[in-house]
Amino acid sequence: RFIRQVKEWQATCMRAEDRAYGVDLGLQERMVDEFRVIFDIIDNTGSGELDLLGVKRACGLLGQKSLSFEELRKIFEQLDVDGSGAIDFREFLHMTNMANLGKQKGRNTMAAAIFSPFSWSKDDI
């Protein structure tokens with residue numbers, strides 16, 4: 001029971017840090033929470049990271065089912081900012097925010113196309 005409580009406390013602290021990171025990116029806390037739900041759905045292993053298969057799954061869930069392996073690999077490399085070989089939530093959050101900024105400025109980027117269903121402006125919330 002104690003171990004479970006410690007894990008819950010750690011998760012709460014991490015969520016607070018994620019919200020603060022999102023606010024620093026210019027997102028509202030509610031948007032960060034919604035992106036977390038999406039990320040957790042895509043992360044079906046519960047590892048807190050997405051591999052190339054997870055990015056493929058994300059793209060499929062977002063309606064981008066016809067992407068080639070090369071396109072998926074490029075998306076993965078764009079998302080994997082720290083070069084760890086996995087996409088953590090903050091990288092995912094950063095990329096969804098960049099897609100939103102590109103959409104607002106009229107840029108047609110691959111990230112904007114993939115994440116546009118979940119990229120809202122501050123006025124949308």
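Treat the numbers as computed from the prediction; the structure is a model and nothing was measured.
Connection of I87 to F69 is established within a shared hydrophobic cluster, with ILVMFWY side chains joined at heavy-atom distances below 4.5 Å, either directly or through further cluster members. With hydrophobic clusters built from ILVMFWY side chains whose heavy atoms lie under 4.5 angstrom apart, V37 does not share a cluster with V23.
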Test side chain to side chain contact (heavy atoms under 4.5 Å, CB included) applied to L27 and Y21, step by step:
CA-CA 9 Å; L27 300 171; Y21 183 81; over 6 Å; no
Evaluation steps, side chain to side chain contact (heavy atoms under 4.5 Å, CB included), between K56 and L52
CA-CA 6 Å; K56 179 180 179 182; L52 187 58; 5.9 Å; no
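A salt bridge does not link R36 to D88: none of the charged nitrogens lies less than 4.0 Å from a carboxylate oxygen. Using a cutoff of 4.0 Å between basic side-chain nitrogens and carboxylate oxygens, R73 and E70 are scored as salt-bridged.
The distance from atom CD of Q28 to atom CD of E34, rounded to the nearest 0.5 Å, is 9.5 Å.
R90 meets the salt bridge (charged side-chain N to carboxylate O under 4.0 Å, His left out) test with E17, D18; sequence neighbours excluded. With sequence neighbours excluded, no residue satisfies ring-ring contact (aromatic ring centres under 6.0 Å, His included) with F76. Checked against side-chain hydrogen bond (donor to acceptor under 3.5 Å, both in side chains), N44 has no partners two or more places apart in sequence or in another chain.
Looking at every heavy atom in both residues, R57 comes nearest to I42 through NH1-O, 2.9 Å. In terms of heavy-atom proximity, V32 sits nearest to F89 at O-CZ, 3.7 Å. Looking at every heavy atom in both residues, A86 comes nearest to E91 through O-OE1, 3.1 Å.
Listed for the D80 side chain is a donor-acceptor partner under 3.5 Å among the backbone atoms of S84.
For the pair L50 and F39, the minimum side-chain heavy-atom distance is below 4.5 Å.
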